[in-house]
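Residues: numbered from 1 along the sequence shown. Keep in mind the model is a prediction, meaning the values are calculated, not measured.
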Amino acid sequence: QVQLVESGGGLVQAGGSLRLSCAASGRTFSSYAMGWFRQAPGKEREFVAAISGSGLSTYYADSVKGRFTISRDNAKNTVYLQMNSLKPQDTAVYYCAASRTYTFAQARYDYWGQGTQVTVPS
């Protein structure tokens, strides 16, 4: 079992930055690929970014490429999402998730956090 707790969400003006954190329980954190997903009001949850267990490989949705950076600290059992140049369309609840497979497919993620709200007013 892996428990995930996100933090760092909030309200930020367009063009600003936020860093989300996701703390994981358990001793096998480095064996899991980690992903960030988001769900905007009235929309389906969508993939944002993924990072392999070692941290050497990352993958991004086109909508955030060049603005968001996913990283992890396996010694701290934590994954991060640095979000820069935020836009109103980035407004959503952001979720971190853990998977045994490095993938962007939501169905392959076994463990999910409760989510953290990010709001970028227009």
Residue pair L86, Q13: steps toward the side-chain contact (heavy atoms from CB on, under 4.5 Å) verdict: CA-CA 8 Å; L86 282 160; Q13 297 302 311; over 6 Å; no
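- Using modelled atom types, one finds no donor on one side chain facing an acceptor on the other under 3.5 Å when comparing R72 with T78.
- Y95 and V64 are members of different hydrophobic clusters when ILVMFWY side chains are connected at heavy-atom separations under 4.5 Å.
- Contact between G35 and Y109 at its shortest, heavy atoms only, is N-CE2, 3.5 Å.
- Pairing each heavy atom of E6 with each of W36, the nearest pair is CG-CZ3, 3.9 Å.
- The shortest side-chain heavy-atom distance between T116 and L20 falls under the 4.5 Å cut-off.
- Under the salt bridge (charged side-chain N to carboxylate O under 4.0 Å, His left out) criterion, the residue pairs touching residues 42-56 are R38-E46, with sequence neighbours excluded.
- In this structure, the side chains of Q1 and Y111 come closer than 4.5 Å at one or more pairs of heavy atoms.
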Candidate pair V48 and L81, rule side-chain contact (heavy atoms from CB on, under 4.5 Å), full reasoning: CA-CA 10 Å; V48 174; L81 185 68; 4.2 Å; yes
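- Taking both residues in full, the closest heavy atoms of S31 and T28 are given as OG-O, 2.6 Å, listed atom of the first, atom of the second, then distance.
- Distance OG/S57 to CD1/I51: 8.5 Å, rounded to 0.5 Å.
- At a cut-off of 3.5 Å, with distance as the only test, no side-chain donor of T103 or R108 sits close to an acceptor on the other residue.
- Under the 4.0 Å criterion applied to side-chain N and carboxylate O atoms, K65 and D62 are assigned as salt-bridge partners.
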Full working for ring-ring contact (aromatic ring centres under 6.0 Å, His included) between F37 and W112: CA-CA 10 Å; F37 297 81; W112 293 81; 4.9 Å; yes
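- Side-chain contact between F68 and N84 is absent, with no heavy atoms from C-beta onward closer than 4.5 Å.
- Judged as a side chain to side chain donor-acceptor pair (under 3.5 Å), and not counting sequence neighbours, S85 has no contacts.
- When atom types are taken as modelled, the side chain of Y102 and the backbone of T58 share a donor-acceptor pair closer than 3.5 angstrom.
- To the nearest 0.5 Å, the span separating OG1 on T119 from CG on D90 amounts to 11.0 Å.
- In plain terms, the two heavy atoms of Q117 and A92 that are nearest each other are NE2-O, 3.4 Å.
- No single ILVMFWY cluster, assembled from side-chain heavy atoms under 4.5 Å apart, contains both F47 and Y32.
- A continuous path of ILVMFWY side-chain contacts below 4.5 Å connects Y94 to L4, so both sit in one hydrophobic cluster.
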Chi angles and distances behind the side-chain contact (heavy atoms from CB on, under 4.5 Å) call for T69, Y80: CA-CA 8 Å; T69 302; Y80 305 98; over 6 Å; no
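- Residues V79 and M83 share a hydrophobic cluster, clusters being chains of Ile/Leu/Val/Met/Phe/Trp/Tyr side chains in contact below 4.5 Å.
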Evaluation steps, side-chain contact (heavy atoms from CB on, under 4.5 Å), between Y60 and I70: CA-CA 9 Å; Y60 297 92; I70 188 171; 3.4 Å; yes
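- Heavy-atom minimum distance, S30 versus N74: CB-ND2, 3.4 Å.
- Of all the heavy atoms in P88 and P121, the pair that sits closest is CG-O, 3.8 Å.
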